[in-house]
S.K.: 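Input: one structure, supplied below.
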Number of protein chains: 2
Amino acid sequence: MKRDSRLSGVLHVLLHLAEASGPVTSEAMAKAMQTNPVVIRRLMAGLREAGFVHSEKGHGGGWAIARDLASVSLRDVYDALGAPELFALGHRTEAPGCLVEQAVNAALDDALRDAETLLLDRFGAVTLAALSVDFHARMVASGKSIDLETVHAG
Amino acid sequence: MKRDSRLSGVLHVLLHLAEASGPVTSEAMAKAMQTNPVVIRRLMAGLREAGFVHSEKGHGGGWAIARDLASVSLRDVYDALGAPELFALGHRTEAPGCLVEQAVNAALDDALRDAETLLLDRFGAVTLAALSVDFHARMVASGKSIDLETVHAG
DNA sequence: TATCATGCAATATATGATGTTACATGAAAC
DNA sequence: GTTTCATGTAACATCATATATTGCATGATA
């Protein structure tokens with residue numbers, strides 16, 4: 001089962017944006033993330049609509065953070081991505097006529113619903129600012145400096 | 001993100017097996033589940049190794065439950081399937097050099113780990129017997145009778 | 001007006017689950 | 001014993017879909 005890395009990717013991009021002094025182009029981000037600029041734009045589209053980032057065309061354009069990092073939780077980012085499916089487990093049939101399958105689905109859904117609530121609550125409790133703090137702590141601990149180009153070069 | 005329906009499918013099959021009087025062939029199950037006999041055998045392989053079901057070759061052969069339903073939890077079945085990935089969310093990079101990505105991964109993993117614990121505990125608390133009880137309650141409530149062939153005909 | 005950057009649709013590629021075929025093994029029926 | 005039935009498994013085919021790419025339109029700056 002292939003896993004969806006969009007949330008991970010977007011958070012990564014956002015934190016790098018937060019570190020940058022000016023706007024960063026899709027191309028620069030794409031190079032750093034080893035992917036295509038269009039993929040970056042697709043990822044960011046939801047965040048732009050949600051007002052978390054701002055994009056500018058033309059010379060000197062690119063992407064920039066539009067909100068205080070402390071005001072955006074992982075849950076917000078997740079929602080801005082369209083609240084993608086959290087679980088890899090699914091049902092064989094969504095609306096089964098078979099009563100056995102209904103019972104199975106009900107049991108699984110019950111557990112999944114609770115886990116989903118827990119997970120989203122956790123996401124809601126973590127802000128981008130908190131991630132940034134953690135990142136800076138790691139930077140101090142490692143003694144390394146960082147910038148988008150050099151860190152993602154290797 | 002495509003979802004893995006193996007757990008759902010196996011549970012469905014197991015409960016039907018429990019209702020059956022004698023061994024059920026892969027072909028019969030496959031017809032009921034609208035899939036291929038080989039797929040059924042693949043699903044059941046882990047359960048056979050775990051000792052939850054028994055298979056017999058030749059005339060009158062097929063699959064049968066080998067354990068008391070009360071002694072098998074959803075967690076056991078999940079493990080017998082090889083403990084497949086629970087979450088659709090993953091990391092962009094598993095062992096990133098980038099400290100930003102490390103911080104992101106750590107935050108996500110933290111939340112996911114707790115959700116996983118909750119989910120597996122829930123699975124551990126539900127036995128096949130409980131599912132069977134629920135199924136019979138549904139059958140009474142609906143007034144319908146059931147058997148493998150007729151229920152899955154349409 | 002030439003260049004740079006996003007916006008977006010359409011298409012291509014890659015990956016992995018699911019489905020299928022083929023054949024070997026073993027058990028029961030005849 | 002030989003025929004039939006069923007599982008066991010590997011190899012292969014298909015299909016779904018996430019990801020990547022291409023192409024072109026739009027708008028902003030030099």
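The chains referred to below are lettered A, B, ... by the order of the sequence lines, with proteins before strands, and numbering in each begins at 1.
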S.K.: Give, for atom NE2 of B/His16 and atom CD of A/Glu101, the distance between the pair rounded to the nearest 0.5 Å.
M.R.: 7.5 Å
S.K.: Classify every nucleotide of nucleotides 23-30 of chain D by which part a protein heavy atom approaches to under 4.0 Å, writing B for the base, S for the sugar-phosphate alone and - for neither, in 5'-to-3' order.
M.R.: ---BBBB-
S.K.: Enumerate the protein-to-nucleotides 17-19 of chain D contacts in which both atoms are nitrogen or oxygen and the separation is below 3.5 Å.
M.R.:
unit_1	atom_1	unit_2	atom_2	d
D/dA18	OP1	B/Met1	N	2.1

S.K.: Would you say the side-chain atoms of A/Trp63 and A/Ser26 include a donor-acceptor pair closer than 3.5 Å?
M.R.: yes
S.K.: Establish, with yes or no, whether the OP1 or OP2 oxygen of D/dA6 is under 4.0 angstrom from a side-chain nitrogen or oxygen of B/Thr25.
M.R.: no
S.K.: What is the separation between atom CG on B/Leu47 and atom P on D/dG8, rounded to the nearest whole Å?
M.R.: 12 Å
S.K.: Measure the distance from CD on B/Glu49 to P on D/dT7 and round it to the nearest whole Å.
M.R.: 16 Å
S.K.: Under a plain distance cut-off of 3.5 Å, with no hydrogens placed, do A/Asp68 and A/Ser71 share a side-chain donor-acceptor pair?
M.R.: no
S.K.: Any side-chain N or O of A/Ser55 below 4.0 angstrom from OP1/OP2 of C/dA5?
M.R.: no
S.K.: Quick check: do B/Leu108 and A/Leu11 have side-chain heavy atoms less than 4.5 Å from each other?
M.R.: yes
S.K.: Given side chains that start at C-beta, do those of B/Gln102 and A/His12 come closer than 4.5 Å, heavy atoms only?
M.R.: no
S.K.: As a quick check of understanding, evaluate side-chain contact (heavy atoms from CB on, under 4.5 Å) for A/Leu14 and A/Val72, giving each step before the final call.
M.R.: CA-CA 11 Å; A/Leu14 281 175; A/Val72 181; 5.8 Å; no
S.K.: Rounding to a whole Å, what distance do you find between A/Glu27:CD and D/dT21:P?
M.R.: 13 Å
S.K.: Going by atom types only, do A/His91 and A/Asp109 share a side-chain donor-acceptor pair under 3.5 Å?
M.R.: yes
S.K.: Name the atoms and distances for all side-chain donor-acceptor pairs under 3.5 Å in residues 49-60 of chain B, with sequence neighbours left out.
M.R.:
unit_1	atom_1	unit_2	atom_2	d
B/His54	NE2	B/Glu56	OE1	2.8

S.K.: Step by step, would you call A/Phe123 with A/Asp76 a side-chain contact (heavy atoms from CB on, under 4.5 Å)?
M.R.: CA-CA 8 Å; A/Phe123 283 174; A/Asp76 294 328; over 6 Å; no
S.K.: Nearest-Å distance, CG (A/Asn36) to P (C/dT13)?
M.R.: 14 Å
S.K.: Give the rounded distance in Å between these two atoms: CG of B/Leu81 and P of C/dT18.
M.R.: 11 Å
S.K.: Expressed as a whole number of angstroms, how long is the span from B/Leu43:CG to D/dT9:P?
M.R.: 14 Å
S.K.: Using atom CD1 of B/Ile40 as one end and atom P of D/dT9 as the other, report the distance to the nearest whole Å.
M.R.: 16 Å
